[in-house]
Each structure stands twice: as C-alpha cells, then as structure tokens.
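Because only heavy atoms are used, hydrogens play no part in the values below, and waters and symmetry mates are left out as well, while side chains stay in. Letters go in sequence order (proteins before strands), and every chain restarts at 1.
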Amino acid sequence: MLDVLYFIIPITIASAAPLIFTAIGGVFSERSGVINIGLEGLMIMGAFIGILFNLFFADTFGAWTPWIALIVAMLVSALFATLHAIASISFRADQVVSGVAINMLGLAVALFSVKMIFGKGQTDFIQQKIPRFNVPFLEDIPVIGPMFFKLVYGSSIMAIAVAFIAWFVIYKTPFGLRLRSVGEHPMAADTMGIKVTKTRYIAVLISGGLAGIGGAVYSQTITNDFGHATINGQGFMALAAMIFGKWHPLGAMGAALFFGFAQALAISSSSITFLEDIPAVYFHIFPYVLTILALAGFLGKAKAPKALGKPYVKGNR
Amino acid sequence: MSNRMINILVPMISIFLGLLVGAIVMLISDYNPITGYMALWNGIFGDSYAIGETIRQISPYLLAGLAVAFAFRTGLFNIGVEGQLIVGWFAAAYVGMAFDLPKIIHLPFALIAAAAAGALWGLVPGILKATLKVHEVIVTIMMNYIALHVVNALIKTLSGGGFKLERIHESASLRSEFLSNLTDYSTLHYGIFVALAMVVVMWFILEKTKTGFELKSVGYNDNAASYAGMSANKNIILAMVISGAFAGLGGAMEALGTFGNMSSMGGFTGIGFDGIAVALLGANTPLGVIFGATLFGSLKYGANNMPNEAGIPVEIVSIIIALVIFFVACGYIIRVGLIRLRNKKEAK
Amino acid sequence: ACGSDNKDNAGEKPATGDSGEKGGFSLAMVTDVGGIDDKSFNQSAWKGVKEFGEDQGWEKGTGGYDYLQSTGPEDYTTNLNNLARRDFNLIYGVGFLMEDAIEDIAAQQKDTQFSIIDGEVDAPNVASILFKEQEGGYLAGVAAGLMTKSDKVGFIGGMDNPVIERFEAGFLEGVKAVKPEIKVDSKYVGAFDKAELGKAEAGRMYSSGVDIIFHAAGGTGNGVFSEAKERKQADKDAYVWVIGVDSDQYEEGKVGDDNVTLTSMLKRVDVAVKDIADLSMNGNFPGGETKVYGLQDDGLGLADSRGAIPQDVLDQIDEYAQKIANGEIEVPEFVEKKK
Amino acid sequence: MDYVIEMLDVSKKFGNFYANDHITLQLKKGEIHALLGENGAGKSTLMNVLFGLYQPDGGEIRVRGEHVAITDPNVANDLGIGMVHQHFMLVENLTVTENIILGSEPTKSGMINIKDSAKKVAEISKMYGLDVDPYAKIEDISVGMQQRVEILKTLYRGADILIFDEPTASLTPQEIDELLNIMKKLVAEGKSIILITHKLAEIMNVSDKVTVIRKGKGIGTVITSETNPEELATLMVGRQVTFKTEKGPSHPTEEVLKIENLQVNDYRGVAKLKGLNLSVRRGEIVGIAGIDGNGQSELIEAITGLTKVKSGKIFINDEDVTNKKTRKITETGIGHIPQDRHKHGLILDFSVAYNTALQSYYHEPLSKGGIMNYKVINERAEELIKEYDVRTQGTHELARALSGGNQQKLIIGREILRNPDLLIAALPTRGLDVGAIEFIHRRLIEQRDSGKAVLLITFELDEVMNVSDRIAVIYDGTIVGTVIPQETTEQALGLMMAGHSKDVAEKKVLAAEKDGDEQHVE
Ligand SMILES: Nc1ncnc2c1ncn2[C@@H]1O[C@H](COP(=O)(O)OP(=O)(O)OP(=O)(O)O)[C@@H](O)[C@H]1O
Ligand SMILES: Nc1ncnc2c1ncn2[C@@H]1O[C@H](COP(=O)(O)OP(=O)(O)OP(=O)(O)O)[C@@H](O)[C@H]1O
Ligand SMILES: [Mg+2]
Ligand SMILES: [Mg+2]
C-alpha cells in the first residue's frame, strides 16, 4: 500500500504542477470578470517559448537556463494575453470567441515559428531540464519524506507556493480586493475610484504569465521538446480545475492535484494483478469519471464571479 | 449608411482586417500574399469540386455551431459538443454498417441513432447540472475524453481487434451520385440539407414553440421562469439533450457522408471546439450560425489549397483563420467606428 | 473577378488520361497530421520521396516531387485529389487511416498510381505497403532480453491498433526467445500525444524494477524518454534504458554525456517508398498487390547503439536477425491473449 | 456665494434623447435639497453627472464656487462628493468593511489592515449612529443595513456633500425614520445633502428646498416651508393628484385563501414561518404589515409553491395546494406581483409582448398544440399596454428599457388580466412616483370591488392603512394580530410590528396618549 503511495504522490504533484500555474492564472482573469478559455493557447505559447529559450541559451546560462526560460515564457505569454485583453476589455469582443481565437492563434504561431526556426515540425530536445532534487533534511522524515520530498521538481514546489501567494494576493492585499470587486460588481468598484479596465488588464496579463509558466513547466519537465501535440487539452483541464476549485486559488490547486491523483491512480492500479483482466479503456476513462463523480458527490455548486463575461461599460446597468 | 448596411459591413471589414494582417504575416515570411489568397479563393470557389468540398466541410460546422448556440440560449456552456459529435459519429457508423434495411428506413434510423447518442451524451451533464448544480463546463470537458476512449474501445471490439468499422451500407449513406457528379467527384453529400433543416428546426423550436419560449425564459432569467411556473431543471436537461442531438447529427455527417465509416481516433476532431466560435460569431442565432459555419468551413477547407497551389505552409493559414475569428469577435469596435463615421457624414 | 482571369494551371487542370505519357515521372505523398518531420513514418516516407526525387535530379513541386500535409482525416481525400489533379504519377498515402480515402480517390483517378503505407487497399492502381513490425519488435525484444539486469522489461504502446500490436507481439516473442522467465510489463496509454501519461507509466515501470522500456507511442514516448533521463540525471549509475521506435531516437536520449537510448527499432518506410517508386518508374508498378517489407528486405532493423550494447550481444542479435531473414524463425503478428 | 454645488444649465443626452435638458440645481452648504420628479424624469442621470459617472453634454458645474470637470468618480471623491446610489453599489460577497475601504485600503506591510479598518468603520458608525456589523457579508445583511453601509462609504472618504438617490425606497418605516434623523444629524455637522425621493412626506419632513424636474426639464425650485405636498405633486406631474385613495366599504364573501399553522424553513434550515394562520376572503384587501424579514417572503413563496412547506396547510378555494407545483397553484386562481420585479417579475431581455405572456403562454389561444401564436400575444400586449398605460415605444421593445414604474404596470396588468381569484401584491409600489402609486392602488381596489381577494404585502404604513380593509401584522413568522385600519393607529400598528400583541399595543398607545394629554394640560 505504502509502495503505491510512494509512486502516486510524486506523480500527482509533478503532473499537477503545470495545471496549478495555469488554473491560478485562470482564477486571476476570471476573478476580474474576464472569461479566459484561451488558457490552452497561452500554455502553448509558454511551452514553446520555454523550449526555444532553453535551446538557445543553455550554453550561456547553464543550469539556470530552465528557470530563466520560465520567466521569459511568462513574459511572452503575458504579452500574448494582451491580445485577449484588448479584444475582451477594450473592444468588448465576446470573451469566449476571443479565447478560442487565442487558442488557435497560439498553436499556429508557435508551430509556424518552429518551422521557420528549426525547419521541421518540432524543436530539438533540451539538455537543461528542470531538475529533480531531494529536499535536504525533509527527505529523511519517515514515510512523508520519500513521498513528498524525494526527487521533486523545483517547479512543483513553486506551483504550490504560487497557489499560496495567489491566495494571499487575492484575499489579503488591496489589489486582490479590487480584483474581486471588479469581477463581482464593476460599477460599484468604479464608483469607488477603482480603474476597472486597468485592473482587468492586469489580471488578464497575470493569467497569461502564469499560463506561460505552466506551459513552460510542462514542456521542460515532460516532453523536453515542442511540437504540435505538446500541449493538447492541458489548458482545458486547467479551466476545469479552476471551476472545480470554485475560482479559488487553493481550490484550483486542490482540483489540479485531484486530476493528477486520478491519473496516477489509474496508472498504478492498471498494474495490480487482480485488475489485470479489466479492459484498458476503463483505466483510460477512470480519471474523468472519477472527476465527475467527485463533483456530483460532494462538491456541489460553484458560483462564478457575477460580472464574468460582461464587458464593463460605464453607465450601463 | 443605414443600420442594415452597418450590420453587413461589420463582418466584412472584420474578415478584411484578418486577411490584411495575414497578408502582412505572409510578406514578412517571404510569401506572396496575392498568390496565397488567390490559392485560398480557388480553394474555396475555384471550381465546382472546390465548392462541393467547401459545402461538405460546412455541414458539420453548422451542426456543431447549432449545438453550442442552442445550449447558450438556455444559459448553458456546452464544451462537450466534441464528445457528443464523436458518439454521434460512432452511432451512425454502427447503425450504418450493422443493419441492412431499405434506404427509406436505414438512413433516418442512422441519423436518429446519431442524434440519440449525442443527446445521451448531453443528458449526463444536463442531469448533473439540474439536480446537483454541477458546473456543465467541467462535466462536458470530462465527457469529451470519455467519449474518445469509449468509442475507440468499441471500435476495436466491433472490428475484432482492428482500428475501424466496416463501411456503412449504401442504404445508410448520405453520399449522392448526383451531387458528386455535379461537383466533379467531390464528396459533397446530402448532409448539408440535413444541417440546414436543423437550422430551421432550431429556429422553429426557439421562435415558434412553447418549449422554445420556456427554454429562452430559463436562459435569460431562471428565477422569473420558475416564478412563471416553468421548471428550470426540466429545461436545462432538455436544452442539453437537444444540443447534444445537434452535435450527434454533426457526427452523422462524418459517418454517413464524408467518411462512410469510423476509424479509431488519435485525438479530437476539433469540430466541436470550433463550434463554439461558430455559434458565438453568429450571436447564437440560427441565421448567425449559418454565417459562422460558412466562414469557418470555407476558410478551413480553402486553406488546404494554399500549400497545394502556392506552397504556403498550413501554419500560416491557421494564423489567418485565427485572426479572422479574432477580428470578427472585435466587431463591436468596428461598428462604433462606422457609426462615428456616419454621424460625422450626417453632421456635414 | 480577379480569380478567373489568371488561373493557375496546376491547380485547375483536371486529371486527364494521358498523364502517364508526359515523358517525365513524378511522385508525391500525403502526410498524416504529424507532417513530414514527425520523427516517425511520415518523416521516413518523405525521406524516401525526397531522396528518390533528388537522385533523379528533380525539383520539389509539380512535375517533380512534393507532399501535402493533412490537418485532419477530413483532408485526406482532398489532398490526394489535389495531388492527382496536379498530375503526379505516383502518390503515397501515409498511414492506415488513409485506406478509405485512397480507395475512393483511386476509383476516381484511375490513371494515377497510388500507394498506401501501413494499410491495404484492393484496387488495380493501388500498391499496398506493409511492414513486419513484429520482426523489428522481435529484435528489440532480443536486445532488451539480453541487456536486462532485473529480468523485467516494459512495453509502452500508444493506441491499441493492429500496427502497434505487431510491435508488441514481436517484442514479447523476442524477449521470450532469450529468456522465457523475463517479465514483460506491457501497457497501452490510449493516445499517441499524451507525454504526461507516457512519463507516468514509465515512472511506474522503472519504479517497479523494469530497466528497459520499448515504446511505440509517438509523442507519448517523449514522456518515456524524459522519465528515463531524469532518473539518469539524478543517478549517473542508474541502469535505465529506452528503446526508441521508427527512426533513430538517439537524440531523444541524450542526458549530459550519457544517453538512455539503448537502440531504436527502425522502420524503413523510406526504403519501401523508394522501392515502389523504382518499380513504378520502370513500368513494374505492383498495382493491386500488397508488398510486405521485413528484415529480409531491409524494411526493418535496429539502429546503431553507439556502444550501449556490447559487441557480443550485438553478435547474438545478428544471429537472430539472420534466422528471421531466412525464415528459420517466424514471428507472430498478434499477441497471444493472456488467459 | 455659499453654494457648495452649482449645476448650471446642465444637459445630458442619450443618443438624441435629452435625459437632462438644461437643468439648474444649486445646493447651499448645510442644507438638504430635495430633487423631485416622476419616474424617468432624469434625476438619477443628473446626479450621475455630478458624481462623474456620466459626462455632461452642456452646462457648467461649480463646486464651492470653482468651475470643475468631474471626469470620473475619483474626481468627485476628491471634491468631497459622495453618492448613495439608487441601486446599491455594494459587492455582495465582500464584508461591510471591505466594501467601505475599497479603493483606499489602509495597509500594513502590503496586507490590508482589516482590523484597524473595521475599528475605524465601527467608530464612524457609532459617531453617526449608523449601526452596522463590520465583519458581516453584504449578502447576509438587511437592506437597511446595506443602506447604512452605503452612507458609511461616503463618510469614510470624508465626503461633505452627499447625494442620496432614492434611499428610502426599500426601507421599513422604522429604518426610514432613522435615516431621516441621520440626515438631519449630518447637515447639523455642516454637511450638505441632495435627496431624491418619491415620498413627499419625507421631503416635507427633512428638506429645506425642493427642485422639481419633469421630463428632463427643470420646473423650478421652491422652499419647502412655503409649499405643501399637493403643490409639489402638481408641479411634478403637471396635473392634480389625489392622495387619499378613494374607496368604498368592503363586502367580503367566501374564503379564497386559508392558511393553517404554516411552518417554513429557509434554505439554511432556519425556521422562518412558525405556525402562521391567515384567511383572505373575496371582496376584501388584506394587508400584511410588518418589518422586512419577518417571514413575508417565505409566506408568499409558500403560497405560490416556490418553496417547500414544512408543515401546515394552504387552501385556495377550498383546494389543498400545499407543496403543489407553482404552475398547479397558479392555475387554481392566483395572481402574483412579485416583490423583486427584476429578479422574478420580468425577463428583462424579453420584449414587452413576451413578458405579458409569461404566465399564460401555454394556454390557448396564446399557444396551441405546443406552437406559440405570437400574433395573438402581440394583440393582447397592445391591449394591456393601452389599458394599463404602460409607456413604451411598442410591444417589441425590451422590458429592460422600461422605467421601473412602467415595468410594474406591465406586471400588474399581466396578473390582473388573468382574472385571479386571489391577487398577491408584494411591495407593488416600491420606487414609484406618486402618479404611478395612485394608479396601482386604484387597480387593487377595483379588483376587490369586482369580488376578488387581494393580499397586499408592504412595508409602508401609509399604504397598508389606506388600501387594506383588514391588516394582519406579521412578526417573527406568525401573525400577531389582525386589525381594521379605521379602528387603529399607526402607533399601535408600529408596536405590533415590533412584536406586541394587539391588546398590549392598544393599551400602550392609549397610555401614551393619556400621558401626552396630561403633559399637555400641565
Ligand atoms: N444609460 C442610459 N441610456 C439611455 N438612456 C438612459 C440611460 N439612463 C437613463 N436614460 C434615459 O434618461 C431618462 C432619465 O433617467 P433617470 O434614471 O435619470 O430617471 P430618474 O428620474 O432617476 O427616474 P426614477 O425616479 O425612476 O429613478 C430615462 O427616461 C431614460 O430614457
Ligand atoms: N440601459 C438602458 N437603456 C435605456 N434606458 C434605460 C436603461 N437603463 C435605464 N433606462 C431608463 O432609465 C429610466 C430610469 O430607470 P430606473 O431603473 O432608474 O427606473 P426606476 O423607476 O428607478 O426603476 P427601479 O424600480 O429599478 O428603481 C427608465 O426610464 C429607463 O427607461
Ligand atoms: Mg433614478
Ligand atoms: Mg426608481
């Protein structure tokens, strides 16, 4: 039993990390009232930029490369998210359509660039990956140590830290209060002198940045190169995690961990002897079915920010 | 400039802007935009074959768009059109191959099977939403993956370990000698008529029937709807079922028309996700969906000719499609610009 | 209006009966979604087409050699048709998913020759190309069986379809031939593009003591490599290996100065493509036939292990290869279902 | 000059329509200046211009003599202008304190200093007698407290010019009294107030001056002490308005609604109705008087099947309808004017015509065999609009574009035209101008006179006294007593609403009167 946990928990955390970043990005955007279904496209951009930077600067930065690549991916994806911000905040575009366009555009631009730069459909493999390491001291704690602190990715720790930071920012700082008020009742915020548009822009840019990191973490821990299938559906899973987590950063983290857990559970149980005769398809659909059951079972209704999806127009009721 | 004029101009200008930016991208990457767009044009309208294929491509988009739009009208976001379409595809392909019936029975049977499968796939999130308030977006995303894996497993079982179902019988096919000959052997099939009929059905349901009145009421204000004695829950389920049925029929287009069978799927078709854009581009109205699907289908199909005729990589084409969608979404700002222009003119 | 004045001839001209007699010969291919550089059969097929064309001194494009990429299954027929209309003499469709499309188009474009890779189509103007993946898989199995220290090896497949099953069947046989008591952990993740699943599955296998994994899982295999590399990086002495598939995946296995790629099972689509092109150009197009390429025809093989496999083991593998080639060993196509 | 605010010749256009057409309003320091006008006259618009939410299309604004351009609410805040909006500007899922400090949050090392803020909020609230719970969430507190939060928001920011846009529309009589006292206190401290209200008594009570606008145009400014409600109403509407609703005696016959020992819990499981009994007969209007939150909403929801009844029975025309479906109950002959017209009464994005069909669309001839007949629906809507004087550009206009008064008339028309045996009218005149109120009252009485039963739920003592034939006072989930309006006083009613039984209340009132008389004698 313990053996199974030793396997499941690290995989859960590792595969949840990219989702955590991205889902929390989603939390920022949607808490400000802007639907962001473009998370997938933003992740793609991040995954691509992360690999690109890593390949080009591995010689310059050595072991620091993957970390700097995360930052660069964050910046580029944030820039890319500006498109979504302009369309949905300033131009009052339908936020869902704009997001769909972002998804298409992200993939197309990234693949086109890969073709132009590498002359082929996918990049080379990076050599400076995000490393796994053992957390000193903590790894020696019996039971817990090997589960949580052996061979962990720095990026996983970051993801969990980001979730807590996001919680702090959203619930404890003036910016967070303004963010929430803008997403709930922008006119009220406006009457209090809060710049609704500016706040929403910032939120969408943050979501772009975090999704970019999410993508870059994914590509630098799991695929190690970038191609057309590197990110497929991760962004939508992050979206689901965000809603599952009730638009709360820690909730989103929990949901992402849950997805990772369901996945790991399916994989590990597929090797249990007495389950061997069960057709593989049951294991393949297990994580998704489990998610639905979990939602139906005990998590109940999620309430979206009230002004979600509605462009703010001064003076409109 | 009348208001009607503006309504027509806005999408035109959006498409033009998308193409313009696309041209710049082509220029930057050393391709000739004129050749490129000529190829796009020829790819869409170049000859009867191209036209036939373009229309063929529009059919599933129409249905996917209707599915998304219908759900939206009741206040539901159905991201699960993709999965509903896949199970519909499977059901139609299965009925098409497994039975041998006269066409007059077989074809409708296959279509109904597809609609029913899609409806069933929509029913699950519908029920969960209505009874347990589970958010339909998550459930439908999960249902997409489940559809993919389950259908692949079914195909494997039914084909005795193979990767595709047998071809459907002629009696279940939407393919038409006549349409094919008319369009120089394109795969154009009768599906487009099914799709257009569904546009009418959606319009009819929403605008003419009691059910439509209730669905819209719940969509706009479920509190007021239940005050008026309507059952919000019943309508949520109904909307998801009808939406799923449209999506399932979208799958039937592929099963009974374009492909004539079903192979195991390496990934999503993408049609369901594109349906979101199709629906919203059309403001969730039946007529609008025709516009959105035509735009999407034409670009998507015509784009194939850009690498073929002008040697332009498909990725640029995807960039252009994305840009067009993007600018169409930004139609509001273009409208504002046009109205300003008009007012200035009138002032003079 | 401008579209009709200056029509591009290439795109407009319908297929005519005399396309074969135009003096020259030309060939083209339609790729699957992966495109011509998928590090898999599309890439290999394009390599064949390109090399053949270059050997003849042709240019890329109409009248020489070319390809069209599909963005989804709905593009197959159109792309095949477009190429046929551009008067290519021989057109390849890459991948079994293209069977139906080729069947349709071949019936319409009777003067064009088609060839389907990995699939079978019964039509007079279609040559079908199949591979005995099981033979390559067998060699991979032998290599794994001889190299494993833990007597536990793994197989990770993408989707469970007949082609991938041949890889698996051969691999299982190969391992068994070396040492029947070696345990093979064999899993399909259900997708070719889910690297995170490949990684998790590989992680499970390595943790359970498996030391060599053979993958036939496309992009999912990326995850297998990254798991192996991480283990290697964390512990330079770790004994973890991956056997690549389709093309030489040595690059994928690099981790610092080490490499986790034991070898790769090559599937030489390029060899088959060139073979058919040759036959066709010389008027011997095997229309209506199915050509099955095996070890004997150089259709399959193992990549250079670059020292990862010692010479004496290589010699043993060669022996097996010999036996397969001359028919002494017959490798089954299907996995014997466990009861 | 000692004007703190001067709006001179201010105009504001929406499209080509003048919502404010050269209006002038001057506010002196330390005065309460009332702004009066019919629904849709342009009061809110004018104030939104002053607060920087709208930009004027003409005219000048001076604050303390200085010409200013109020480009957004920030500027207004800086100028010391605070506004309590007609529709509350509160973020429902935030706490009272968070709403108040929003936009100027005190921080301690990057974190919002909630503790200090809450303390400060508590201080200010104590200073002005505005009782709030700093840590409560807005969605959990009463409308009255929300109102106080709105006021605190402006005070917290140090505003000394306060705009109140219809602050009393949704308050109970007690809360209104409190609020008016607070306003007096505020001006006594040197603050200046612009007050919008439709209730002339309030204007007479607290204001110093009244500016009247009609259809976007300024009609003039009068000194409150030199005018009377009748004159104001005439100025505002442009014709004579009767205040006391004319009505003859009632002739109640058989019972339409009978409620026995009704118990209802709210969604949290808290008991809201605790054994309520009630009976309403044909030919009478029964008023339910009570303070908001004593079970009125639950009572209506239970009767109409919108919530589950825990125990007890409800009969309509002798038929047991307890826990039946809403549709079923409506069919037995109930008409319902809901208390929240935007939430329940209308589908704002539907056309006026569609809204008129909301309760009857499934009947012939509006629909037949599942198919709607929009031609008939439109014709009926046209009739309804005419009969109920709903001012709209046509049946195809969206309900959203109608003013509150017209929306209300639409709902009332819809419900009455269904000819229900029992009409439930919940706060039917909230936020409406005197003209509209008069109209609605007349309709309710007509309904009674034609032999129907009417159940009127209201927080307004005036209304309940004028319109009802019988008043049942609700307190804490039960009816504490039933009185006849002519035989009781507002004071007695008030005491009963605070939970005293009828006898106790009447005795107390008598004692107080005696007290008052005696003091008078001395
Ligand atoms: N955002 C808007 N867009 C267009 N027209 C508007 C808008 N807001 C108000 N109006 C118009 O301005 C007029 C005045 O509206 P306003 O809200 O100022 O009325 P009011 O006097 O406050 O009414 P009430 O007593 O009902 O609150 C309305 O008749 C309406 O037609
Ligand atoms: N978005 C809008 N577009 C056009 N006119 C509007 C809009 N919003 C409000 N109005 C107009 O503003 C006027 C006043 O609206 P308001 O909502 O203040 O009415 P009200 O009587 O105060 O209603 P409430 O019962 O909500 O207080 C109405 O005449 C209405 O026509
Ligand atoms: Mg107003
Ligand atoms: Mg009002």
Side-chain angles (χ1 to χ4, degrees), chain A residues 35 37 41 83-84 86-88 90-116 228-229 232-233 236-237 239-241 243-244 246 255 279-285 287-292 295-297 299-302 304 311, chain B residues 25 29 68 72 77 79 124-125 127-128 131-135 137-150 152-154 156-157 266-268 270 273-274 276-277 279-281 283 292 313-334 336:
Chain A
I35 299 176
I37 201 178
L83 276 185
H84 183 51
I86 294 175
S88 50
S90 300
F91 291 176
R92 296 183 210 168
D94 187 297
Q95 298 172 2
V96 177
V97 184
S98 167
V100 171
I102 288 286
N103 287 338
M104 296 170 68
L105 198 60
L107 185 61
V109 167
L111 283 184
F112 180 65
S113 312
V114 169
K115 274 257 165 77
M116 291 290 124
H228 74 98
N232 61 35
F236 285 100
M237 288 304 275
L239 189 77
I243 298 173
F244 197 162
K246 303 188 176 179
V281 61
Y282 291 105
F283 295 107
H284 295 158
I285 64 172
Y288 310 110
V289 174
L290 189 64
T291 300
I292 294 178
L295 277 168
L299 282 147
K301 189 180 178 174
Chain B
V25 176
S29 35
V68 178
F72 261 123
F77 190 4
I79 304 197
V124 175
I127 288 181
L128 289 174
T131 56
L132 299 170
K133 308 282 174 225
V134 180
H135 204 294
V137 165
I138 318 180
V139 181
T140 51
I141 289 178
M142 301 300 146
M143 293 293 287
N144 285 341
Y145 287 100
I146 296 174
L148 194 63
H149 288 297
V150 167
N152 279 345
L154 285 172
K156 191 170 164 68
T157 313
F268 293 125
F273 298 113
D274 293 342
I276 299 170
L280 290 162
L281 287 176
V314 269
E315 286 79 14
I316 289 203
V317 181
S318 319
I319 294 181
I320 293 169
I321 296 180
L323 286 171
V324 170
I325 304 303
F326 188 77
F327 281 106
V328 173
C330 295
Y332 162 80
I333 198 79
I334 298 168
V336 169

Query raised in the report: Relative to chain A, which of Leu280(B), Ile334(B), Ile325(B), Val324(B) shows the most heavy atom pairs under 4.5 Å?
Result: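 Result: the option with the highest number of such pairs is Leu280(B).
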Query - Partner chain A: residue of Ile79(B), Ile320(B), Ile141(B) with the largest heavy-atom pair count (under 4.5 Å) - result: Ile141(B)
Query raised in the report: If you draw a 6.0 Å radius around OH in Tyr282(A), do more than 12 non-hydrogen atoms from other residues or ligands fall strictly inside?
Result: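 It does not: Tyr282(A) OH has 12 such atoms or fewer within range.
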Report the distance from atom [atom1] of [X] to atom [atom2] of [Y], rounding to the nearest 0.5 Å.
X         : Y         : atom1 : atom2 : value
Tyr288(A) : Leu148(B) : OH    : CG    : 8.5 Å
Phe91(A)  : Phe326(B) : CZ    : CZ    : 8.0 Å
Ile316(B) : Leu111(A) : CD1   : CG    : 12.5 Å
Ile285(A) : Asn152(B) : CD1   : CG    : 12.0 Å
Tyr145(B) : Thr291(A) : OH    : OG1   : 11.0 Å
Tyr332(B) : Ser88(A)  : OH    : OG    : 14.0 Å

Under a 4.5 Å cut-off applied to non-hydrogen side-chain atoms, are [X] and [Y] in contact?
X         : Y         : result
Phe112(A) : Ser29(B)  : yes
Ile292(A) : Leu128(B) : yes
Asn144(B) : Phe236(A) : no

Query raised in the report: So which part of Phe268(B) gets closer than 4.5 Å to some heavy atom of chain A, the side chain, the backbone, both or neither?
Result: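 It is neither, since no heavy atom gets under 4.5 Å.
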Query raised in the report: For the residue pair Ser318(B) and Ala108(A), what are the closest heavy atoms and their distance?
Result: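 Result for this residue pair: CB-CB, 3.5 Å.
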Query - Heavy-atom pair with the smallest gap, counting every atom of Ala277(B) and Val100(A) - result: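 What the structure gives for the nearest pair is CB-CG1, 3.9 Å.
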Report task. Just grab all the salt bridge (charged side-chain N to carboxylate O under 4.0 Å, His left out) pairs involving residues 104-116 of chain A, residues at least two apart or on different chains. Result ->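 Of all non-adjacent pairs touching residues 104-116 of chain A, those that pass salt bridge (charged side-chain N to carboxylate O under 4.0 Å, His left out) are Lys115(A)-Glu315(B).
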Quick check on [X] against chain B: is it the side chain, the backbone, both or neither that has a heavy atom closer than 4.5 Å?
X         : answer
Val109(A) : both
Val289(A) : both
Ile37(A)  : side chain
Leu239(A) : side chain

Query raised in the report: Once the angle between the rings of His149(B) and His284(A) is folded into 0 to 90°, is it parallel (under 30°), tilted (30 to 60°) or perpendicular (over 60°)?
Result: tilted
Query raised in the report: Out of Met237(A), Met116(A), Met104(A), which one racks up the most heavy-atom pairs below 4.5 Å with chain B?
Result: Met104(A)
Query raised in the report: With sequence neighbours left out, which residue pairs that include part of residues 102-111 of chain A fulfil the side chain to side chain donor-acceptor pair (under 3.5 Å) condition?
Result: none
